[in-house]
Amino acid sequence: MPMGHVVTQLDIWDEWHAERDIYGRGRSQQKLTNMLIEALSPLPGKSILELGCGQGRDAILFAENGAKVYASDISEVAIAKSQKNALSAGVNILFDRHDMSEGQLPEFSISQFDGVFCHLSLHYFTQSVTALLFKEIARSTRSGGFLAFMVKSTKDPSFGLGEQLEDNMFRRKGHVRHFFSTDYTRNLLLSDWEILSFDEPAECYQSTTPSAFIRVVARKS
């Protein structure tokens with residue numbers, strides 16, 4: 001980094017993706033994708049928006065099963081790798097680099113989706129921005145459509161470590177994370193969604209240390 005440069009979350013994620021290629025998918029991640037596929041069944045022709053697509057492994061899975069997939073990520077490095085991976089897999093996915101930190105979703109050619117998928121991409125924002133994002137997700141999902149997401153839980157071993165930014169939100173080694181409690185998660189969904197599945201898995205994901213998550217599938221009211 002140039003001298004005097006303030007490291008941003010974009011810098012952190014660009015560096016993270018530049019240093020590694022992602023091939024596998026964790027057990028809880030696989031279950032979340034399978035839950036959305038089952039909810040949307042039959043999948044061919046259905047539209048899915050993925051927020052925080054990383055290197056595109058889940059987006060590719062959805063596309064391979066016949067969905068029309070639109071995917072975004074904050075990292076240009078991740079998007080470049082996603083495009084390369086999709087090309088290698090022989091699937092057509094529309095990717096877009098987008099920063100959700102202002103509470104807005106990426107703009108694609110369609111305004112409402114059959115499903116929205118967010119694997120570990122919604123737990124990086126303040127409570128006010130998080131509330132805006134959930135409202136935008138609801139607006140962008142057709143009536144009867146589905147939202148599948150997973151976030152870090154307040155039961156996670158790293159909860160409370162680092163500099164506290166606001167309630168349940170911490171910066172550690174430059175990395176910002178907002179941990180979700182059970183009540184907080186349910187309240188975010190209260191006005192627009194019917195919860196179909198709500199569980200709290202624990203597993204090692206991209207780490208040798210076990211993490212605690214909240215995993216949800218909900219239907220748009």
Side-chain angles (χ1 to χ4, degrees), residues 13 17 22-44 46-74 78 82 85-86 89 91 93 95 100 105-106 113-125 130 133-134 136-138 140-142 144-156 158 177-182 184-186 188-189 192-207 209-220:
W13 284 114
H17 285 287
I22 304 301
Y23 298 102
R25 299 163 62 246
R27 292 189 309 275
S28 59
Q29 182 180 4
Q30 293 176 40
K31 183 172 181 179
L32 188 66
T33 55
N34 291 340
M35 291 167 77
L36 182 58
I37 289 171
E38 182 178 348
L40 289 170
S41 181
L43 190 61
K46 299 290 177 58
S47 59
I48 295 178
L49 171 64
E50 181 177 5
L51 301 173
C53 65
Q55 296 181 19
R57 295 302 175 187
D58 295 317
I60 290 169
L61 175 70
F62 293 135
E64 287 176 334
N65 281 274
K68 296 180 290 186
V69 184
Y70 305 76
S72 72
D73 198 277
I74 187 176
S82 290
N85 292 335
V91 294
I93 298 171
F95 290 103
M100 295 191 291
L105 301 189
F113 298 86
D114 296 303
V116 179
F117 183 81
C118 312
H119 178 253
L120 303 182
S121 59
L122 295 176
H123 57 198
Y124 298 108
F125 311 104
T130 301
L133 286 172
F134 271 82
E136 283 293 288
I137 290 170
S140 300
T141 306
R142 67 167 177 80
F146 299 91
L147 167 63
F149 69 94
M150 194 162 82
V151 291
K152 276 288 187 79
S153 164
T154 50
K155 298 175 183 177
D156 190 79
S158 61
R177 185 169 283 116
H178 176 192
F179 298 83
F180 284 39
S181 68
T182 298
Y184 177 76
T185 307
R186 290 185 179 277
L188 285 169
L189 300 167
D192 297 303
W193 302 93
E194 174 193 0
I195 296 174
L196 303 180
S197 176
F198 191 111
D199 68 330
E200 300 184 53
E203 71 166 66
C204 296
Y205 179 78
Q206 302 293 335
S207 171
T209 304
S211 296
F213 303 101
I214 290 175
R215 179 173 54 204
V216 178
V217 175
R219 179 166 48 213
K220 173 77 176 296

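The figures here come from the full heavy-atom set of this structure, side chains too, leaving out hydrogens, waters and symmetry mates. We count residues from 1, following the sequence as given.
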> With sequence neighbours left out, what residues match A78 under side-chain contact (heavy atoms from CB on, under 4.5 Å)?
Replying inline: H17, D73, S75
> So which heavy atom on M35 is nearest to which on S197, and how close?
Replying inline: CE-OG, 3.0 Å
> Do side-chain atoms of S140 reach the backbone of I137 as a donor and acceptor pair under 3.5 angstrom?
Replying inline: no
> Looking at residues at least two apart in the chain, or sitting in another chain, which of them share a side-chain contact (heavy atoms from CB on, under 4.5 Å) with S158?
Replying inline: K152, D156, L161, R172, F179
> Are T154 and F180 close enough, and set up right, to give a side chain to side chain contact (heavy atoms under 4.5 Å, CB included), and what steps lead you there?
Replying inline: CA-CA 6 Å; T154 50; F180 284 39; 5.9 Å; no
>> If the condition is salt bridge (charged side-chain N to carboxylate O under 4.0 Å, His left out), which residues does E38 pass it with, not counting sequence neighbours?
In response: none
>> ring pair (Phe, Tyr, Trp, His ring centres under 6.0 Å), that's the test. Do Y184 and H178 meet it? Break it down for me.
In response: CA-CA 11 Å; Y184 177 76; H178 176 192; 5.1 Å; yes
> In Å and rounded to the nearest 0.5 Å, what is the CD1 to OG1 distance from I214 to T182?
Replying inline: 4.5 Å
> Going by an N to O cut-off under 4.0 Å, is there a salt bridge joining D192 and K220?
Replying inline: no
> Side chain of S41, backbone of L43: donor and acceptor closer than 3.5 Å?
Replying inline: no
Side-chain donor-acceptor pairs of residues 46-54 under 3.5 Å, sequence neighbours excluded:
from, atom 1, to, atom 2, distance (Å)
K46, NZ, L40, O, 2.6
K46, NZ, P42, O, 3.0
S47, OG, D114, N, 3.0
S47, OG, D114, OD2, 3.2
E50, OE1, A59, N, 3.2

>> Please evaluate residues F125 and F134 with respect to the criterion ring pair (Phe, Tyr, Trp, His ring centres under 6.0 Å), reporting the C-alpha separation (whole Å), side-chain torsions for both, the decisive distance (0.1 Å), and the verdict.
In response: CA-CA 11 Å; F125 311 104; F134 271 82; over 10 Å; no
>> Is it the case that the ring center of F146 lies less than 6.0 angstrom away from the ring center of W193?
In response: no
> Do other residues, nucleotides or ligands put more than 12 heavy atoms under 6.0 Å from R27 CZ?
Replying inline: no
> How many angstroms lie between CZ in R25 and NE2 in H119, if you round to the nearest 0.5 Å?
Replying inline: 8.5 Å
> Given D58 and Q29, is the side chain to side chain donor-acceptor pair (under 3.5 Å) satisfied, shown in steps?
Replying inline: CA-CA 9 Å; D58 295 317; Q29 182 180 4; 2.7 Å; yes
> Checking R57 side chain against I22 main chain: does a donor-acceptor pair fall under 3.5 Å?
Replying inline: yes
>> Checking R215 now: which residues fulfil salt bridge (charged side-chain N to carboxylate O under 4.0 Å, His left out) with it, not counting sequence neighbours?
In response: D199
> Taking the side chain as C-beta and beyond, is there a heavy-atom pair between T130 and L188 under 4.5 Å?
Replying inline: yes
> How far does OG1 of T33 sit from CE of M150, to the nearest 0.5 angstrom?
Replying inline: 10.0 Å
> How long is the span from the CG atom in L147 to the CZ atom in F149, to the nearest 0.5 Å?
Replying inline: 5.5 Å
> What is the ring orientation for Y70 with F113, classed by angle as parallel under 30°, tilted 30 to 60°, or perpendicular over 60°?
Replying inline: perpendicular
>> Just to verify, what does A63 make a side-chain contact (heavy atoms from CB on, under 4.5 Å) with, not counting sequence neighbours?
In response: V69, V91, I93
>> I want to check a possible cation-pi pair here: R186 against F198, using under 6.0 Å from ring centre and within 45° of the ring axis as the test.
In response: yes
> Mind checking whether F62 and L36 have side chains closer than 4.5 Å, heavy atoms only?
Replying inline: yes
> Without hydrogens or angle criteria, can the side chains of Q55 and S82 be said to hold a donor-acceptor pair below 3.5 Å?
Replying inline: no
>> Return the CG to CG distance between L122 and L133, rounded to the nearest 0.5 Å.
In response: 6.5 Å
> How many angstroms lie between atom CG of N85 and atom CZ of F95, to the nearest 0.5 angstrom?
Replying inline: 8.0 Å
